[in-house]
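Only this structure's heavy atoms are used, side chains among them; waters, hydrogens and symmetry mates stay out. This is a predicted model, so every value here is computed, not measured. So that the names make sense, note that chain A is the first sequence line, chain B the second, and so on, each numbered from 1.
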Amino acid sequence: MKTYHLTTPISDDDIKDIRIGDIVYLNGSLTTCRDVAHRRLVEEHRPLPVDVRNKAILHAGPIIKDLGDDHYEMVAVGPTTSMRMEKFEEEFVKQTGVKLILGKGGMGPGTERACKNYKALHLVYPAGNAVYAALHVEKIVDAQWKDLGMPETLWSCEVKDFGPLIVSIDTNGDNLFEKNKVIFNQRKEAEIKKINEQVKFIK
Amino acid sequence: MDTMTYDYTEPELSTKGQQMRDLLATYIALISHRLPDDVTAKLQELAKIEVDPLQKLVYDTMMENQLLANKLERPSCQDTGALQFFIKCGAKFPLLGELNQILKDAVYRGTKKAPLRHNAVQTFDEFNTGMNIGDGIPSIFLQIDGDSTDIEMYVYMAGGGCTLPGAAKVLMPGEGYEGVVRFVMDRMTSYGINACPPLLVGVGVGTSVETAALNSKLALMRRVDSESDNANAAKLEHLLEDGINHIGLGPQGFGGQKSVMGVNVVNTARHPSTIGVAVSTGCWSHRRGLIKFDEDLNYELPLNEGVEL
Ligand code: SF4
């Protein structure tokens, strides 16, 4: 496990040696971007109103306080299940040139291809730690597609030492969660066998 | 585009009803930023067992987050769930008739106070009410418990990534308890990984999907270190706990020494031709409270030592 500190804009070179299981802390620009925003870009061909090239997105629906006059405060923010965006992510990375995709849980083959072909990383922020994350958001600099409501708006943030982010897919297309799943399932079958010896309650 | 709105007028409650509502609104906000004592203790215990730097780092983040949430009185997780109440109420509790209104209004007010995320979407009309209440939200499960004048209720913030998506199935008796084990274990390596482990696993056994499902939720209301009164059910709890721990999901599914905070089984009788089974997975951020009132609204908080509302 190695630790990296990345600052946007991020180049291919910055992330080429980072492997699954490594830890990243992010400085710079991070935009929340989830279900409907992905759908709008990929299926409805509407250009993303925020330039995320060489920057980072976060699959998340935050709790935001509206301070008036287009000023906002991040109260709590944490990742939502990334797998819901799997369907769109390969095309999303291709079109936007985003370098870091932050979320919760693993992603699938489309994102693996995208990370490999367009040099990007998928990283996981430990979910449930929403105050810790919010305190590493220095300010909210922009809010786009507000018609989508608080959770789905594209909130562009300046972040400082945002993390820990655990690399789940690297630029080789290696996938931490898929590897773990194989091991988990093998162990599970062995455990089921052991337990089943002892639960013959119906005689 | 027409925007639909949810019609809600705050109810006119009796003086005592208002008092109970206000106490509950405060308690709901508190639950959003402070985990119950049994969960905190268990997480501290599990954190000590993990040895690798990655797992340690995740646990450190969790501990730090809870400290900050407590101090700043902010929701510790951004998914503050859809509120659920599991209640035992004496038939002579004086506010029984007002109870539904009290609970809904407490959620309405607690949501503003905390603040909680707006998590109530009206089905078919498909709009977010923007108030965190809707038709059937909060969900209220009420049992009348003799004719005492007391009430006790579990208050639960069930998140969209953990216990709202439970699973239930009715097995044939030929599948036996082996079928129950398979059903629970398969859920751990599929859904469980993304449900923010270490998990509290609630297993319900009964006669149908809905009895099993409700039992699995009641299982999550029990303390993480509790044990079933039934010897065989307790045995299954321990077997499953060890078995799931040996899978080694680790915090957040990154792999590690342990997977669960505990496994609780709640069971009721079954028809000879069915075994109903259900699993509900509570996440590490298990925001479940317990409050007991007597007829004068003196209250106790058995899961939150030292807390006053
Ligand atoms: S599973 Fe629990 S801790 Fe994780 S994001 Fe959902 S509510 Fe929060």
### Query
Hey, is the main chain of A/I63 close enough, under 3.5 Å, to the side chain of B/Q78 for a donor-acceptor pair?
no
Under 3.5 Å, side-chain donor or acceptor atoms of residues 121-131 of chain A against the rest of the protein: list the pairs with distances, not counting sequence neighbours.
unit_1: A/H122; atom_1: ND1; unit_2: A/S168; atom_2: OG; d: 2.7
unit_1: A/H122; atom_1: NE2; unit_2: A/S82; atom_2: OG; d: 3.1
unit_1: A/Y125; atom_1: OH; unit_2: A/N129; atom_2: O; d: 2.9
unit_1: A/Y125; atom_1: OH; unit_2: A/A133; atom_2: N; d: 3.4
unit_1: A/N129; atom_1: ND2; unit_2: A/P126; atom_2: O; d: 2.8

### Task
Report the option among B/V181, B/T80, B/L116, B/N232 that has the most heavy-atom pairs separated by less than 4.5 Å from atoms of chain A.
B/N232
### Message
Which one wins on heavy-atom pair count under 4.5 Å against chain A: B/V58, B/L240, B/L54?
### Response
B/L54
### Query
Out of B/L72, B/I244, B/D186, which one racks up the most heavy-atom pairs below 4.5 Å with chain A?
B/D186
### Message
Between B/I275 and chain A, with a heavy-atom cut-off of 4.5 Å, which part of the residue counts as in contact: side chain, backbone, both or neither?
### Response
side chain
### Message
Please classify the contact between B/P251 and chain A as side chain, backbone, both or neither, with a heavy-atom cut-off of under 4.5 Å.
### Response
neither
### Message
Can you tell me how far apart NZ (A/K181) and OG (B/S190) are? Round to the nearest 0.5 Å.
### Response
8.0 Å
### Summary
Residues of residues 143-153 of chain A with a heavy atom under 4.5 Å from any heavy atom of chain B, in residue-number order, are none
### Query
Got A/K104 and B/C196 here, is their nearest side-chain heavy-atom distance under 4.5 Å?
yes
### Task
Heavy-atom distances under 4.5 Å only: say whether A/V75 touches chain B with side chain, backbone, both or neither.
both
### Engaged part of B/N128 at the chain A interface, taking heavy atoms whose separation is under 4.5 Å
neither
### Message
Quick check on the interface: out of A/I23, A/I183, A/N180, A/I166, who has the most heavy-atom pairs with chain B under 4.5 Å?
### Response
A/I166
### Query
More than 12 heavy atoms of other residues, nucleotides or ligands under 6.0 Å from NZ of B/K56: is that the case?
yes
## Note on the structure
Counting heavy-atom pairs under 4.5 angstrom with chain A, the leader among B/K235, B/H33, B/E64 is B/K235
### Message
Going by side chain to side chain contact (heavy atoms under 4.5 Å, CB included), name the residues that satisfy it together with A/H136, two or more places apart in sequence or in a different chain.
### Response
A/Y132, A/D161, A/F162
### Task
Give me the contact list for residues 184-203 of chain A versus chain B, heavy atoms only, anything under 4.5 Å, ordered by residue number.
A/F184, A/N185, A/R187, A/K188, A/E189, A/E191, A/I192, A/K194, A/I195, A/N196, A/Q198, A/V199, A/K200, A/F201, A/I202
